[in-house]
Amino acid sequence: MSTHPSSCPLDCPDACSLNVEVVDGRVHRVRGSKATDLTAGFICSKVSRMAEHLYCPERVLEPLVRIGAKGSGRFKAVSWDEALDRIARRLASVRDDHGGEAILPCSYGGSNGWMTEGSFDARLFARLGACRVNRNLCAAPSTAAAVAVYGKMPGLRLQDFAHSRQIIVWGCNPHATSIHLLPHIKAARKKGAVLVVVDPRRTRLAADADLHLAPRPGTDLVLALAVHRWLFENDGVDLDFLQRHCTGVEALRELATPWTLEAAEAECGVPARDIERLAHGLKTTPGTAIRCGWGSERNRNGASATAAILTLPAVTGQLGQSGGGFAMSNTGHWSVDPAAVAGAEQPPTRRIALTGVGPALVQDDRIRALFVYNCNPLATLPEQDAVRRGLAREDLFTVVFEQVMTDTAQWADVVLPATTFLEHHEVHRGYGNVVLHNRAAAVQPVGQARSNASVFDELVRRLGLQRDGDLTPEQLPAALRAAAGAPDQRVFEPEVGDAFVDRFPWTDDGKVHLVPSEGWYAYAPDPATAEFPLALISPALGDQITSTFGQLRSGTQAVQVHPQDAEARGLSSGDAVRIWNTLGEVKVPVEVTDAIRPGTLCLPKGLWARHTLDGNGPNAVAPPTLSDFGEGACYNDARVQLAPA
Ligand SMILES: Nc1nc2c(c(=O)[nH]1)N[C@H]1C(S)=C(S)[C@@H](COP(=O)(O)OP(=O)(O)OC[C@H]3O[C@@H](n4cnc5c(=O)[nH]c(N)nc54)[C@H](O)[C@@H]3O)O[C@H]1N2
Ligand SMILES: Nc1nc2c(c(=O)[nH]1)N[C@H]1C(S)=C(S)[C@@H](COP(=O)(O)OP(=O)(O)OC[C@H]3O[C@@H](n4cnc5c(=O)[nH]c(N)nc54)[C@H](O)[C@@H]3O)O[C@H]1N2
Ligand SMILES: [Mo]
């Protein structure tokens, strides 16, 4: 047995360092390594199962071309040469006959690796003049907020939380989505820190917290504004900090004025006394850290909600204090544009939002070729029914470049086998930690799998789009590292300095923009109707990363329903139910539990057809609407009805 150092580039804040045990050229076991204190030798249950993922029966082992009807999942194996030739010929003819914008690349979060996403793929599609995609499935509202308020200045790192005297975890479920935050929360609590959780569900962390506020989904903006109002009214703001480091103080005070504790209670469904406790704690506890997650952004108010949450540490003067401040995504630390490093000069072609891919495919026959990679659109995009109908289009040429035979891949004309992150060289950073990993493959590719970098490089050549000076896949890692200012080493943890001591907001004037511009903090009320009164939220599962690893999960997923809502419909745990709205429906068993607030249902994101009773997922009822700023997905604005199936 040999052990190889590696790291995990999956879409997660933690970016763990790994040790991969290899026996006879095969991955035997993956463990956490101690190469960084951040991972500290332990990893999640998902990546511990990477060996199962590599060698599962669903693994795509060779290039496949469709022989049956679209969606029948019947394919025959062909050589790479034939598959790539077929794809190159088809993309060229689509471009020549209909223009480059008839080609739609569809990729998202399969990997946060710069070798895999946004580099050589971007170079190919830019040179083809393909449609651009607005990557708005996740983090678009919160990025808009973080850019507008702080210039995307990085926040606290995971280890900073150990010094906090109060930790507020807001719209985030770290037991599933960021497990390396937990030891630091534990360490802080051991020293007496208070823990507050804001989540419509009683998560494991919420059950253990000193205070749990369970707002109606999509009302965090109101909750945060009520806290701001209370702080202004009750001598809870740090006037000195506001004067030196912030703009928009009066504007924020005015926008918060309507939201008394009582008005907020009525809108959010959180008792006024709990809102006051939250506000009082912020006023009286220096060293308060807010970890804002993505649960509070996936709705019509998402950007303003995130801004109102992220400005709380500024208003109370927490920034720059030991253990005080905010944390969300620290990607702002790395000013690397992998597309530019790879030599992609993007022409200003038509832009299609990922949230609108379903309708775009169905309503718009200008799109003739779809190239899916790092993405499982049938499981992850809103309007699942439209996505399926789009994939079923006979005149659409669909390539799916995948590790495993996903529900999406079943609809492909050509399936290409992709390597996993243990089978190729990767350069990547996390977004909770500030760390850059650069490491080789741990094992040879399984079957005939190839890396994204090599396939997109090869397609550029087959299409005659190569240019003098183009980097090769072998040269790309060093170029990415250089662009990141990282030395030639496996793990690089740069010094970040302290906020408001060594570094200040990355806005033009170096100040915190409490109210970035007109329109922020305008609250849009709940979209529920008498016909569709229930809110359906779809947070992360503990044992998948969105849909990734779904093939390893057996059994049917239940929807969580509060006893009041269950009783009103005569439902008991285990009953099959239909959840529907005007967009579609999904059938699943129910789990009756008071861990969810009344009026709210929970069915996690990333489900495969095999995980529900009718093959649909929560995305069948997910709306195509967009957030207030950042044009982000509003999955948690799904409003539905529920009845026995
Ligand atoms: N195990 C695992 N880890 C992951 C992922 C995964 O799928 N599985 N996904 C990765 C990705 S892509 C992302 S973006 C992150 C996401 O990680 P998180 O930030 O934790 O996001 P979610 O799981 O979407 O939701 C977090 C919590 O928000 C709650 N919530 C829902 N609606 C609201 C609301 O309106 N207000 C408030 N206050 N809370 C709300 C949910 O009940 C949930 O407990 O995790 C990453 N890590
Ligand atoms: N209902 C609902 N839906 C949601 C959300 C929600 O809150 N509710 N949130 C969403 C969020 S937070 C996110 S980030 C998106 C994620 O949306 P996606 O990015 O579509 O989700 P993943 O499951 O991460 O799918 C990525 C696919 O990429 C493949 N992949 C991984 N590595 C590679 C590689 O190296 N090469 C190739 N070719 N393929 C690779 C994986 O096998 C996987 O099938 O989904 C969103 N969908
Ligand atoms: Mo995400």
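A quick note: this is a predicted structure, and the numbers were derived from the prediction, not measured. Values below: every heavy atom of this structure, side chains too, minus hydrogens, waters and symmetry copies. In what follows, residues are counted from 1 in the order of the sequence shown. All ligand and atom numbering here is 1-based and tracks the order in the structure.
- Those atoms of ligand 2 with a heavy atom of T406 less than 4.0 angstrom away are 44 (O).
- We find that R298 and D637 are not joined by a salt bridge, their nearest charged nitrogen and carboxylate oxygen being 4.0 Å or further apart.
- Sorted by chain then number, the residues whose non-hydrogen atoms approach ligand 1 to under 4.0 Å are D11, K46, C138, W170, G171, C172, N173, A176, T177, V198, D199, P200, R201, T203, P217, G218, D220, G293, W294, G295, S296, R298, Y431, I537, P539, A540, L541, G542, Q544, I545, T546, K605, N636.
- Which parts of ligand 2 touch H424 is read off a 4.0 Å heavy-atom cut-off, strictly below it: atoms 35 (O).
- Ring geometry, Y431 versus W294: the interplanar angle exceeds 60°, so the pair is classed perpendicular (tilted spans 30 to 60°).
- Under the 3.5 Å distance criterion, with hydrogens and angles disregarded, no donor-acceptor pair is assigned to the side chains of H428 and N112.
- Annotation for ligand 2: atoms under 4.0 Å from non-hydrogen atoms of T116 are 34 (C), 35 (O).
- In this structure, E52 does not pair ionically with R553, as no charged nitrogen and carboxylate oxygen lie closer than 4.0 Å.
- Around CD of E631, the count of heavy atoms belonging to other residues, nucleotides or ligands within 6.0 Å does not exceed 12.
- In summary, D526 and R639 engage in a salt bridge, as defined by a charged side-chain N under 4.0 Å from a carboxylate O.
- Where the criterion is an N or O separation shorter than 3.5 Å, residue side chain and backbone included, A418 fails it with respect to ligand 2.
- In the model, S107 has a side-chain atom that pairs as donor or acceptor with a side-chain atom of E117 under 3.5 Å.
- When atom types are taken as modelled, the side chain of E426 and the backbone of M115 share a donor-acceptor pair closer than 3.5 angstrom.
- If you look at N374 next to ligand 2, the close heavy atoms, those under 4.0 Å, come from the backbone and the side chain alike.
- For E117, the heavy-atom gap to ligand 2 stays at 4.0 angstrom or more.
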